[in-house]
Amino acid sequence: MVGIVVMIVAALLNASASVLQRRATKDEPESASFSLGMVLDLARRPAWILGILAMITGFVLHGIAISLSRIALVQPLLVSELPFTLILASWMFQARIPRRDWSAIGLQSVGLAAFVGCLAPTGGDPRVSITTWALGIGATAAGVAVLVVLGYRGRREHRAAALGVATGAAFGLNSALIAGVGAVVSHGGGLFTTWQTYGVAVLGPVSFFLLQNALQAGNLVASQPGFTLTNPLVSVAWGLAVFGEQARGGLFLVGTVAGAVLIGAGTILLARSQLLDPDAPRQEQQE
């Protein structure tokens, strides 16, 4: 239960970070993509700095939540980041939330409760063989690389969407590495003697760099849905396929699938919200 609460707080902080960083990055020219100069320029903006602080705090709480519970249980709670983002964006950009968006938030919330409650994974252990780790990392990294190439070649919103999904997958892999660190430390190992710690140290900045480019490439409406869904999806896949966590079957499986469908439907509706597009005309936002 503690892990669930901590993960929800982490999702709220991540949403705050996305809105603040998008506010800072939306004025960056497209030519600045994938450049160190863009990051250095953003570092002079208070909104971006506050976003980074929120992201770091959320990252720490995220790691704590994964250490306290199974990754396939708490990681899906990150989809709550999207409705949090919508609510914060409405405040940041001074636009009210339409009834359709509130309905979508309710739909996603019900789906999330059903998915987490019915999935309820048991067992599993992140202390798997190095071969299993290598296969999982290789498959995930290959997917991220393909998405980055597609995003780099794409234009505006297509670029933002592809990079958003790539960022979500990278953060999902990062969560798996954090789970590995937590498992080693909880069984008496040293924080700085396990290779996963250094994997997090390398992958963390890479994921952060991808996120900045996803936010700069287009509006939140393009990048946030892919990031929000792919992150927990990759983590759940790691928990079930790599760490050996066992999901409940029977009617619970039906509930899990139904919850996933509701989450997807709610996310698609929220992704169309004009509140995620601060450049949209105000009258469209209030329809």
Side-chain angles (χ1 to χ4, degrees), residues 7 10-11 13-22 24-25 33-36 38-40 42-43 48-49 51-67 71 74-79 81-82 85 126 133 136-152 159-182 195-218 220 222-239 242:
M7 185 61 84
L13 287 169
N14 288 341
S16 303
S18 292
V19 173
L20 288 166
Q21 289 177 77
R22 174 55 193 160
T25 59
S33 298
F34 292 92
S35 68
L36 180 60
M38 180 186 73
V39 177
L40 294 176
L42 290 172
W48 190 80
I49 294 175
I52 297 304
L53 291 176
M55 173 185 268
I56 292 173
T57 306
F59 178 79
V60 172
L61 292 179
H62 185 182
I64 292 174
I66 292 175
S67 299
I71 189 171
V74 297
Q75 196 73 2
L77 294 170
L78 282 180
V79 299
E81 184 178 324
L82 185 55
T85 300
W133 271 106
I137 292 173
T140 309
V144 171
V146 170
L147 288 165
V148 169
V149 171
L150 292 175
Y152 184 76
R159 173 182 292 186
L163 292 179
V165 175
T167 302
F171 273 102
L173 175 56
N174 205 46
S175 296
L177 291 171
I178 293 173
V181 173
W195 65 267
Q196 289 95 333
T197 297
Y198 301 98
V200 172
V202 172
L203 185 59
V206 172
S207 302
F208 172 78
F209 183 72
L210 285 176
L211 176 61
Q212 300 311 305
N213 281 278
L215 292 172
Q216 181 272 340
L220 283 172
S223 61
Q224 190 71 23
F227 172 75
T228 300
L229 285 176
T230 308
N231 187 345
L233 180 63
V234 169
S235 297
V236 169
W238 266 83
V242 180

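As a basis for the values below, the full set of heavy atoms in this structure was taken, side chains included, without hydrogen atoms, waters or symmetry mates.
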Please give me the minimum heavy-atom distance between [X] and [Y], naming the atom from each residue.
X	Y	result
A170	S207	CB-OG, 3.4 Å
G164	A214	N-CB, 3.9 Å
T167	L211	OG1-N, 3.6 Å
L77	A11	O-CB, 4.2 Å
P232	V79	CG-CG1, 3.7 Å
L173	I137	CD1-CG1, 4.0 Å

Is any side-chain heavy atom of [X] closer than 4.5 Å to a side-chain heavy atom of [Y]?
X	Y	answer
I52	F208	yes
L78	H62	yes
N231	E81	no
F171	V234	no
V144	L210	yes
W195	L177	yes
Q196	I178	no

To the nearest 0.5 Å, what is the distance between [atom1] ([X]) and [atom2] ([Y])?
X	Y	atom1	atom2	answer
F227	T85	CZ	OG1	9.0 Å
I66	M7	CD1	CE	4.5 Å
S175	L203	OG	CG	9.5 Å
M55	N14	CE	CG	7.0 Å
W238	T140	CH2	OG1	5.5 Å

Exercise. Is a side-chain donor or acceptor of Q21 paired with a backbone partner of A17 at a separation under 3.5 angstrom?
Worked result: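 Checked: pair present.
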
